[in-house]
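If you're wondering where the values come from, they're calculated on a predicted model, not measured in any experiment. Proteins come first, then strands; the chains are lettered A, B, ... in the order of their sequence lines, and each starts at number 1.
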Amino acid sequence: MEDDDGHGKLHLLHILFGLPLLLMMAHVCLDVLLRQVFGIILPGTLEIVSFHYMVIAVFLPLALVELWRKSVAVDIVYLMLPRRAQLVLIALVLATTAAVYLGLAWRTWGDAMGAMRRGDFLMGGRLEVPTWQSRFALPLGFGSAGLVALWQLWGVLSGRDRDSWTQQGANTSAEVE
Amino acid sequence: ADYTFSTFLGPNHPITLNLHVPWAEDVAERTDGEIDFEVYVGGAILPGNGVLQGVAQNVAQGGFITAGYVPAEMPVWNVIGDVAWEASSDYAVTLAATEFGLLNQLGHDEWTGNGVVFTGSASTVMYSYLCRGEPKSLEDFEGLRIRTAGNGWARFAESIGAVPVNVSYTETYSALERGAIECTNLDPTHLYNGAQVAEVVDSVVMLPMGPFFSQAAWAFNQSFWNDLSAEQRRIIFEESARSLVRLHDAQDKMLEDNLAQARENGLAVIEPAEDLVAAKDAFVADGIGGLAKIAENRGVANYQQAIDEFSALLTKWDGLLAENDRDDPEAMYDLIMTELYDKLDPETYGVE
Amino acid sequence: MDKVDIGLLSLVATLVLLALRLPIGIALALVSFVGIAAITSVGAAWGIVSTIPYSFVATWEFSAVPMFLLMGYLAARTDMTGGLFQAMRILLARVPGSLASASVGASALFAAASGSSLATSAALSKIAVPEMLRAGYDKGLATGTIAASGTLGSLIPPSILLVIYGLFTSTPIGPLFMAGFIPGALTAFAFVAMIMLRVWRNPSIAPKLQTQFTRAEKISALLDIWPLPTLIVGVLGGIFFGVITPTEAGAVGTALVILISILRRQFSLKMLAQAAADAAVATSVMFVIAVGASMFVRLMAFSQLPGFAADVILGISDNPFVVILLISLIFVFLGMFVDAVGIMLLVLPVIMPLLDQLDINMIWFGIITIKLLEIGLITPPVGLNVYVVRTALGNLVSLPTIFRGAAWFMLTDLVVLLILVAFPVITLWLPGVMAH
Ligand code: NA
Ligand code: NA
């Protein structure tokens, strides 16, 4: 994790994906500080954190998850298979992954459009917090992840990128438990 | 056949226990199992803010839908939510809201427009303040932090110089316990039921501040409703009426029990000081803290008509309840049938 | 085919898809969609897609998860671990197997800044393992210690697994955090005791160190340890005394780590941006699984399999201990192959009605669950903590060696688990104190 598994350089994308978390931290801390020290109540914190920062932070980086092959998978059987079978299996896995992501993207795109048309909002105490904007994080995240999976599938099918899938197997370096 | 009914309320909530569960059993029995709803509680199928969409899209065929979760979809019902500050009893609010959804064009069309069929509304007990300490007067409330569910409750808290705070329902108990808030704006049955805050408050301030009611106790998927027979719809109407009566009988008793237990455990049940009551009256007289203006800013069409017509229904039901004995279940059932459900044609109501 | 059959088939299908290397989140989402469509209708399945992922994620209490991740990444990047290990090793210099014991102690302390087991193992393996190998420690002992002590990260609060457990079972997070504290400390003590016992019986696996520490070294090392106790007081004390909610604790803890790193002159904006990006990706990785699981929860509800399973199991025995033993076997078996979040979210929806009927204390069961999941993290063939240690060491030590070394800790874990099951008061005392 300290060397990012070879992703050590800082890219614009990292800053973009990390930013919602830093904003979330700053916002919550400001809320705590104002409340505990000055007795001031910041309206809408709960709504903004849950319906904006969280939704964006969770769904937007999905493409990066696929690109870095961080999705948690069980490769115990996979590693025992001969190379040919591995390639067939990984192609099926990538095709399924792409199909699921793109299906989710298609559906949530319609939902996001609906939310925008209605102008979805919530009452955050006395403050009206519009919420529809972050809904687009779902189709964007799912869609981009689906495209990455398709691109990886094409890499396997065309023979451009097969070794990386068969030599090291699945990436099991989830860093969360 | 087996159908799904979705509510986000928990298994022990009075609305689950008295409204949905026995309703589903009775409807199943009277339709010989043709309409057999499995009631899924606690958001097991759909979360609170997803029930409207979920019922419209047939994830569940029926659901309990709170308008406050979906303000953009239910603008009119969100406006009338505050009008109940004018009402003198929770029972009147339930029946006025049920009439508003069944028979009033504005109230009815908003549910239909979202792809669901409305057959009744249900109100909680009137909200009050459950507090640490024993605040009575305007002066006592100055600067107190009060957990509110927004809307009129937040505006009123501000108008008396208190600070409305948004705390999630699950965190209410610990917020009171550690003194992050001094009061919560809830109905007093939450002393020993629901949020169960009796251990962390000292008093109940019995200032009635409208109940929580702006919801469909039952909303049904449009195509499910279309496929019912007229007889089945009539049974649903009758069982809905019966359930509303059962709910209010149970709630009356629950309120009584909670207050009695509170007194027994040394909590103060406080009548508000005159200046606090006067402040509330002034708040209501001021168009419930400028409700119309808020509705206008929000861009709600026909907001004034909705406020006026719902307000008239509240007056009507306050009157009817004064003439009838709310403790007599049979009389109340007859009243609800005559005034509301008998006026619907089961052949055509809600069918598209 | 009736609902229960579809539910059962879905469970089997999920396990098969997992074995075929489909990512867990994708497998759960796919099976849920097909299963719900089969039980109800395709339209309803799409309706679930519309409502569940969005409303599931847009939850205030969940915001603690990315914050705890960020806090852990920052703590590791600002090198809070290095000083910690040095201090512990000075403190425990006279104990047999002192470096291994110091690793356990350092892990336990670092766990207070990290919400995850893997992050804790990763943070310590690069510092502690090379030292132990240089001192001539047995390779299995050196690596196994780090792989196993890392699991303290999920038990000693804050804990991401406990946040997720609490939200999926409607158990309050504050008491859950408090409940993890003593079992975590007990585990650490048990690990140290086991290490001492092993070294006492076979001194060659951990040669005595000849290093003498000067007074100045001792003082400077102990002074270097202050960030972690500060964090513990700030975060856990804040929750305990009600200044902050467990949800806010992650954000406040992260701010504290930033503040401490500025004071120690180890802060840079680049480092902050990298940690945030790492945390964002890790958040996404985890929520893909959790979103799939939240759809799977709906499938289980529709299928009514959980109620059916509860009836079957209660028909066999309604003794809570027998049932817990049965559940433990399932957890340990799945733990051999599947990751912790995945197992928890696969099993919980199925066993919830059962726990409910037996009236099992959900705070206590939460700690038992974490303990079981931790065992899965160090059992072969798939033991993510072991993988992390091997990767961090650049494949210097082979997997079987690490697994063998970790096996001693797994046995110790089982003993601790038995104690926790037999004496619920160990787990429930502290949350009880907090309530009054
Ligand atoms: Na931890
Ligand atoms: Na394992």
Closest approach of [X] to [Y] (non-hydrogen atoms, all atoms of both residues):
| X | Y | answer |
| --- | --- | --- |
| A/L122 | B/Y69 | CD2-O, 4.0 Å |
| B/N166 | A/L46 | O-CD1, 4.0 Å |
| B/A72 | A/G119 | CB-O, 3.8 Å |
| B/P71 | A/F121 | CG-O, 3.0 Å |

Checklist entry - Do B/V165 and A/R35 come close enough that some side-chain heavy atom pair is under 4.5 Å? => result no
Item to check | Region of B/N78 that comes under 4.5 Å of a non-hydrogen atom in chain A | outcome: neither
First locate atom [atom1] of [X], then atom [atom2] of [Y], and finally report the distance between them rounded to the nearest 0.5 Å.
| X | Y | atom1 | atom2 | value |
| --- | --- | --- | --- | --- |
| A/D111 | B/Q53 | CG | CD | 5.0 Å |
| B/I181 | A/I41 | CD1 | CD1 | 9.5 Å |
| B/N114 | A/R118 | CG | CZ | 8.0 Å |

Flag if over 12 foreign heavy atoms under 6.0 Å of [atom1], [X]:
| X | atom1 | value |
| --- | --- | --- |
| A/R84 | CZ | no |
| B/Q105 | CD | no |
| B/Q305 | CD | yes |

